[in-house]
Each structure stands twice: as C-alpha cells, then as structure tokens.
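Let me begin by presenting the structure, written as structure tokens, before commenting on it.
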Amino acid sequence: MAAPPERRCWEREQARLKAGVVEQDTEEWQKDPNFTGLERVGGVDLSYIKGDDTSACASLVVLSYPALQVLYEDCRMVAVTAPYVAGFLAFREVPFLVEAVQRLQQEEPKLRPQVLLVDGNGLLHHRGFGVACHLGVLTDLPCIGVAKNLLQVDGLARDELHREQIRSLQRSGDTFPLTGTSGRVLGMVLRSYNNSSKPLYISVGHRVSLDTAVRLVRSCCRYRVPEPIRQADIRSREYIRKQLCAPLEVRPARPESSKKEAELEDESDA
DNA sequence: GCGACAG
DNA sequence: ATCTTGTCGC
C-alpha cells in the first residue's frame with residue numbers, strides 16, 4: 001500500500017529538513033563568475049484552462065546557455081487532482097514536473113539541464129520547502145525558485161515598507177534581501193528588467209547558493225521573467241490554445257481502430 | 001471574526 | 001493560474 005501523494009510530499013519535507021537544507025553550490029560552473037561550463041538551463045511551468053480546474057498543460061523546456069536558444073520542448077496535457085492552496089503548490093504541480101524531467105532523461109539524456117528554474121518558491125516558504133525544493137530533491141537537479149509575487153511568510157508582507165524597498169530598485173540587477181522575523185535570509189528581491197518595476201522573488205531550491213541563484217536568473221533575463229520559465233509558459237499556453245481550437249477533429253471519442261497508434265500516444269512500458 | 005495567501 | 005484590446009510610451 002503506497003502512501004497517498006500528499007503524505008509522501010510531507011514526509012519528503014520532514015526528511016529534508018531533518019537532514020539539513022542543501023543550499024550551497026555543488027557544481028563547478030556555479031563557482032565560476034561567468035558560469036563557464038554551463039550549457040543547458042531548464043524551465044518548467046503549468047498552464048491551466050480558464051473554467052477547468054483539472055486540465056492543465058505541463059511543460060519543460062531546455063535552453064542553451066548563454067545563447068538562450070530552445071533545445072528541447074515538452075508539452076503534455078495532465079489531469080490535476082490536488083487543489084491550489086498557498087503553501088502547498090508542490091502537492092499540486094510537482095508530480096507532473098517530475099514526470100517531464102524523467103521523460104527527458106529517458107528520451108534525450110544528452111539534453112539533461114544542469115539547473116532548473118521553477119515557477120514558485122524554494123526556501124521562501126512556510127515550511128522552508130517550496131515547489132523548487134521538492135522538484136530538486138526528486139530529480140536531484142540544482143533548482144532555483146522564481147516567484148512573481150511575494151509569498152507572505154515569516155513576517156514578510158506586501159506592506160508599505162516592502163513597496164518602498166521595491167521602489168528603491170532603480171536598475172535591472174538591483175536587489176535587496178528578504179529577511180524574515182526569524183532573522184534568516186529567505187530570498188532576494190530582484191529587479192530583472194528595466195521596463196518593469198515589478199520584481200522577482202528568488203530563492204534557493206536545491207544544490208545552489210542564493211548568490212548563484214540570483215546571478216543566474218539575472219543572466220537569463222531578456223524580459224522580466226527569465227527565458228527558460230518564459231518559454232515554458234508561452235509554449236504551454238499555446239499548447240492549450242490549440243487543444244481548445246481543434247478538439248473535434250483530432251479526437252473523435254476514442255476510435256479504437258486507429259491506423260497508427262504505436263507512434264503517438266501508446267508509449268507506456270508494458 | 002475578517003483578511004491574506006507562490007501558481 | 002485566468003478573464004482581456006488596444007494603447008501609451010521609450
């Protein structure tokens with residue numbers, strides 16, 4: 001009897017917290033000022049259908065570094081079960097992201113990313129263990145949490161002081177640390193784009209230091225959202241848009257006698 | 001009790 | 001996350 005997924009997520013958090021948080025650079029390229037040796041950066045995202053809270057598109061892209069060209073793209077419709085609850089995003093999205101990474105490693109092992117940028121938080125989290133930490137532990141890949149809004153935790157709030165600190169970020173690349181009431185630095189606020197005053201919230205996910213995380217996200221930003229996540233986002237919503245436009249002709253209620261089925265969808269390992 | 005709350 | 005076109009500005 002396998003434990004339900006929620007229970008396993010919880011146990012994963014407890015085990016990792018007990019073992020101590022891994023927030024240091026483990027790779028050689030992370031220690032290089034120019035990230036020499038870094039060639040592939042991954043990005044993941046889920047896009048949802050407006051009225052439907054169970055159908056989503058999970059996407060994983062791999063970009064070259066430093067050119068930021070798309071080397072790999074994987075979009076797939078998934079059936080989401082867990083509801084969205086702030087603080088429990090990983091319980092909802094992480095299973096599909098892990099599947100995508102495993103698919104990549106099986107089909108295109110040479111394109112395995114050396115680091116993943118994840119939509120959401122890592123250590124900047126109620127239990128110090130956001131979606132970027134979950135994905136990192138499950139894939140054993142360095143992961144960085146990139147959130148577009150502040151998760152209010154450990155005394156951090158979107159109050160006037162916070163807004164004032166944001167206003168103090170003048171140029172892209174400017175940052176200030178997020179220090180919780182506990183005194184711990186949980187993440188960094190980064191102005192990633194000159195044309196947008198809205199910052200990003202960067203935090204450690206797995207096997208990376210906060211300093212390296214911020215430097216890498218900076219170097220991946222053509223616009224406000226870093227390219228790996230932006231491409232995953234663009235491609236997953238485009239995938240959904242196509243699904244919605246042509247569902248009638250592409251999938252007429254399970255034609256059991258289709259001509260070539262082995263090439264498209266029936267690829268489970270029996 | 002009421003509001004706040006990554007995606 | 002999603003609903004949503006054009007539009008004002010560098």
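Lettering of chains follows the sequences in order, A, B, ..., and the numbering in each one begins at 1.
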Do other residues, nucleotides or ligands put more than 12 heavy atoms under 6.0 Å from Arg215(A) CZ?
-> yes

CZ of Phe96(A) versus P of dG7(B): gap in Å, rounded?
-> 18 Å

Send over the distance from His126(A) NE2 to dC5(B) P, rounded to a whole Å.
-> 10 Å

Whole-Å distance, Arg158(A) CZ to dG3(B) P, equals 17 Å

Looking for any heavy atom pair under 4.0 Å, which part of the strands does Val153(A) touch: base, sugar-phosphate only, or nothing?
-> nothing

Testing dT2(C), dG7(B), dC5(B) for proximity to the side chain of Lys50(A), the answer is dT2(C)

Measure from CZ on Arg127(A) to P on dA6(B) and round the result to the nearest Å.
-> 14 Å

Kindly state whether the pair Tyr84(A) / dG7(B) counts as stacked, where counting means centroids closer than 5.5 Å and planes tilted less than 30° apart.
-> yes

How about Ser59(A) and Asp45(A): does a side-chain donor come under 3.5 Å of a side-chain acceptor?
-> no

For Asn121(A), report the nucleic acid contact type (base, sugar-phosphate, nothing); a contact means any heavy atom under 4.0 Å.
-> base

Consider the side chain of Lys148(A), meaning its heavy atoms from C-beta on, and name the nucleotide among dA6(B), dG7(B), dT2(C) that approaches it most closely.
-> dG7(B)

When we call it a touch if two heavy atoms are under 4.0 Å apart, what does Asp45(A) touch: a base, just sugar-phosphate, or nothing?
-> sugar-phosphate

Nearest-nucleotide pick for His125(A), side chain only, options being dT2(C), dA4(B), dA6(B) = dA6(B)

Is there a side-chain polar atom (N or O) of Gln152(A) under 4.0 Å from OP1 or OP2 of dA4(B)?
-> no

Can a side chain N or O of Asn149(A) be found less than 4.0 Å away from OP1 or OP2 on dG7(B)?
-> yes

Check whether any side-chain heavy atom of Tyr72(A) lies under 4.5 Å from a side-chain heavy atom of Lys110(A), and answer yes or no.
-> no

In whole angstrom, give the distance that lies between atom CG of Leu97(A) and atom C1' of dA1(C).
-> 14 Å

Select one nucleotide: of dC5(B), dT2(C), dA6(B), the one nearest the side-chain heavy atoms of Tyr48(A).
-> dT2(C)

Candidates dG7(B), dT2(C), dC5(B) - which lies nearest the side chain of Arg92(A) | dG7(B)

Judged by modelled atom types alone, do Ser219(A) and Tyr65(A) share a side-chain donor-acceptor pair under 3.5 Å?
-> yes

Asp119(A) CG to dT2(C) P, in whole Å, measures 10 Å

Check: Asp74(A) and Glu99(A) side chains under 4.5 Å, non-hydrogen atoms | no

On the 0 to 90° scale, with breaks at 30° and 60°, tag the Tyr201(A)-His162(A) ring pair as parallel, tilted or perpendicular.
-> parallel

Quickly work out the His162(A) NE2 to dA6(B) P distance and round it to whole Å.
-> 12 Å

Between atom CD1 in Ile49(A) and atom C1' in dT4(C), what is the gap in whole Å?
-> 18 Å

Side-chain contact check for Arg237(A): nearest option of dC5(B), dT2(C), dA6(B) is dT2(C)

5' priority, DNA chain C, between Ser47(A) and Asn195(A) [closest heavy atom] = Ser47(A)

